[in-house]
Amino acid sequence: MRSLLFVPADSEKKLAKSLELGADCVIVDLEDSVAPAAKAKARAVALAFLVEAGRVPSRPLLYVRVNGLDSGLIEADLDAIMSAAPDGLMLPKCGGGADVQHLGAMLAVKEAEHDLADGSTKIIPIVTETAASMFALATYAGASPRLSGLAWGAEDLSACLGAQTYCQSDGAYAAPYALARTLTLLAASAAGVAAIDAISPDFRDSDGLRAETETARRDGFSAKMAIHPVQVAIINAAFTPSPEEIAKARSIVEAFAADPGVGVVALDGRMLDRPHLVKAQRLLARAELIAARTRS
C-alpha cells in the first residue's frame with residue numbers, strides 16, 4: 001500500500017467514487033467522520049458498499065475504520081460489516097499490542113460465524129492518539145499475525161495533550177508530534193510491518209503534501225493516509241520507485257550475485273556492503289508489488 005484514502009461511511013456517493021480514484025486502500029470510516037446519530041445508517045451503507053465493491057475484480061483494498069475498543073460501538077460495527085469480509089480494519093485509539101490481540105480475538109469469532117478464513121481480516125492500528133499509547137509502541141512486535149501496518153496521527157494526540165496546535169510556525173511538527181512520528185516508524189520496523197504516515201489536513205496545499213510525502217519516504221515510511229481524492233496521486237507518485245531507482249537497485253543485486261561470497265562490492269566508484277543489498281532487495285520487492293497492483 002502507498003495511499004490509504006478515508007471515505008465517510010455514511011456517504012454513498014463518495015464511497016461509489018472511491019473505487020476509481022487510484023487509492024491502494026479505501027478506508028470506510030465509521031469513526032470520526034460519522035456523527036453519533038448517523039452511526040446506524042453508516043453501518044448499513046458501509047455493508048452495502050463492501051458487498052458490492054467486493055465483487056469488483058480490480059479494486060483497492062477495503063478496510064473499515066471501526067470505533068475504538070472503549071467506545072461501546074465496536075461490537076455493533078463488527079456485527080454490521082463482517083459478513084462482507086473486508087480486507088482489514090483500522091483500529092483507532094489503540095493502546096498497544098494487547099488491543100490488537102483483543103480485536104483479533106473478536107475477529108476470530110466473526111470470521112467463524114461468517115465462514116471466513118481464520119486470520120483473513122488484517123489490522124492497522126493508529127498508535128499515537130493518546131498520551132498513554134506512546135509508552136506501548138514496543139508492544140506491537142509479535143502481537144498478532146493480523147498486523148499489517150502501524151499508522152500515526154497528530155490530531156487526537158494534540159487534543160489529548162491540550163495543545164493549541166501540533167505544528168510550529170514554519171509548519172514543521174512540534175516536538176511531541178515529531179517524537180510520535182519517529183517512534184511509530186521505529187515500532188513498525190521492529191514489528192516488521194508498514195509504517196504509515198499521518199494525514200495532511202490541508203488538501204489544497206499540493207506542494208506541501210508533496211514535500212511532506214517525499215520526506216516520509218526518505219525517512220522509511222512506505223505509505224500515507226489521505227483525506228481527499230486530490231491527495232492520492234501525489235502520495236502514489238512519491239511512494240513509487242522511479243525507473244532510475246529500480247535500475248540502480250538491480251545493479252546492486254546483480255553485483256552481489258556475481259560474487260556471492262563477498263561482503264562488500266565496488267559499484268560506480270562506491271563501496272557497498274550488505275545493508276545496501278538489503279535496501280535494494282526491498283525496493284525491488286516493493287516495485288514488483290506496486291506493478292502487480294497496477295496490472296490488476
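Hydrogens, waters and symmetry mates play no part in the numbers below; they use all other heavy atoms, side chains included. These numbers were taken from a predicted model, which means no experiment stands behind them. For the single chain, residues carry numbers from 1 onward in sequence order.
- Checked against the 6.0 Å centroid threshold, W152 and Y140 do not count as a close aromatic pair.
- Taking 4.0 Å as the cut-off between side-chain N and carboxylate O, K122 and D87 do not count as a salt-bridged pair.
- At a threshold of 4.5 Å between non-hydrogen side-chain atoms, the residues T213 and F239 count as touching.
- Transitive grouping of hydrophobic side chains (ILVMFWY, heavy atoms separated by less than 4.5 Å) brings L107 and L147 into a common cluster.
- In this structure, NE2 on H102 lies 10.5 Å from CD1 on I123, to the nearest 0.5 angstrom.
- None of L78, L73, V28 except one satisfies the side-chain contact (heavy atoms from CB on, under 4.5 Å) rule with R43; the exception is L73.
- Between R181 and E212, no side-chain nitrogen of the basic residue sits less than 4.0 Å from a carboxylate oxygen of the acidic one, so the salt-bridge criterion is not met.
- Q168 and Y173 are not linked by any side-chain donor-acceptor pair at a separation below 3.5 angstrom, with hydrogens and angles left out of the test.
- The neighbour count for R282 CZ, taken as heavy atoms of other residues, nucleotides or ligands under 6.0 Å away, does not exceed 12.
- Inter-residue side-chain proximity for S148 and Y63 is flagged as met; some heavy-atom pair is nearer than 4.5 Å.
- Between the side chain of H228 and the main chain of V230, a donor-acceptor pair closer than 3.5 Å is present.
- Taken together through direct or relayed side-chain contacts under 4.5 Å among Ile, Leu, Val, Met, Phe, Trp and Tyr, L103 and V127 form part of one hydrophobic cluster.
- Within a 6.0 Å sphere centred on CD of E12, other residues, nucleotides and ligands contribute 12 heavy atoms or fewer.
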Between E111 and R146, is a salt bridge (charged side-chain N to carboxylate O under 4.0 Å, His left out) present by the stated rule, with each step listed?
CA-CA 13 Å; E111 288 167 346; R146 295 180 184 272; 2.8 Å; yes
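- Under a 4.0 Å N-O distance rule, the pair E20/K17 does not qualify as a salt bridge.
- Remark: I27 CD1 to L4 CG distance equals 4.5 Å, nearest 0.5 Å.
- The main-chain N or O of S33 is found under 3.5 Å from a side-chain atom of D29 such that the two form a donor-acceptor pair.
- For D268 and R270, the salt-bridge test fails: no basic side-chain N is under 4.0 Å from an acidic carboxylate O.
- With rounding to the nearest 0.5 angstrom, the CG atom of L21 is 12.0 Å from the CD atom of Q231.
- Side-chain polar atoms of R2 and S222 form no donor-acceptor pair below 3.5 angstrom.
- What you find for V34 and A9 is that their closest heavy atoms are CG2-N, 4.0 Å.
- No chain of hydrophobic side-chain contacts below 4.5 Å, direct or via other Ile, Leu, Val, Met, Phe, Trp or Tyr residues, connects I124 to V26.
- M225 CE to I227 CD1: the interatomic distance, rounded to the nearest 0.5 Å, is 10.5 Å.
- In this structure, the separation between OG1 on T215 and CG on D197 is 9.0 Å, given to the nearest 0.5 Å.
- By the 4.5 Å heavy-atom criterion applied to side chains, I290 and P241 are counted as neighbours.
- Distance alone, capped at 3.5 Å, places no donor-acceptor pair between the Q101 side chain and the S144 backbone.
- S251 places a side-chain N or O within donor-acceptor distance of the main-chain N or O of K248, the cut-off being under 3.5 Å.
- Under a 4.0 Å N-O distance rule, the pair D24/K224 does not qualify as a salt bridge.
- A donor-acceptor contact shorter than 3.5 Å is absent between the side chain of S158 and the backbone of T165.
- The residues D70 and K93 are annotated as not salt-bridged, no charged nitrogen and carboxylate oxygen being separated by less than 4.0 angstrom.
- Put simply, the side chain of D77 never gets that close to the backbone of V66: no donor and acceptor are under 3.5 Å apart.
- Both I199 and M90 belong to a single network of hydrophobic side chains, linked directly or stepwise wherever heavy atoms of I, L, V, M, F, W or Y lie under 4.5 Å apart.
- Put simply, the side chain of Q281 never gets that close to the backbone of V253: no donor and acceptor are under 3.5 Å apart.
- Formation of a donor-acceptor pair under 3.5 Å by the S120 side chain with backbone atoms of L116 is not found in this model.
- Taking CZ of F49 as the start and CD1 of I81 as the end, the distance is 12.0 Å to the nearest 0.5 Å.
- For the pair V193/L150, a side-chain contact is recorded, criterion being any heavy-atom separation below 4.5 Å from C-beta on.
- Side-chain heavy atoms closer than 4.5 Å link hydrophobic residues (I, L, V, M, F, W, Y) into clusters, and following such links, possibly through other members, connects V100 to M106.
- The pair K110-D79 meets the salt-bridge criterion, with a side-chain N (NZ, NE, NH1 or NH2) lying under 4.0 Å from an Asp/Glu carboxylate O.
- In this structure, S133 contributes its side chain and G95 its backbone to no donor-acceptor pair below 3.5 Å.
- By the 6.0 Å contact criterion, NZ on K14 is open, its count of non-hydrogen atoms from other residues, nucleotides or ligands being 12 or less.
- Panel note: side chain S189, backbone L185; no donor-acceptor pair is recorded below 3.5 Å.
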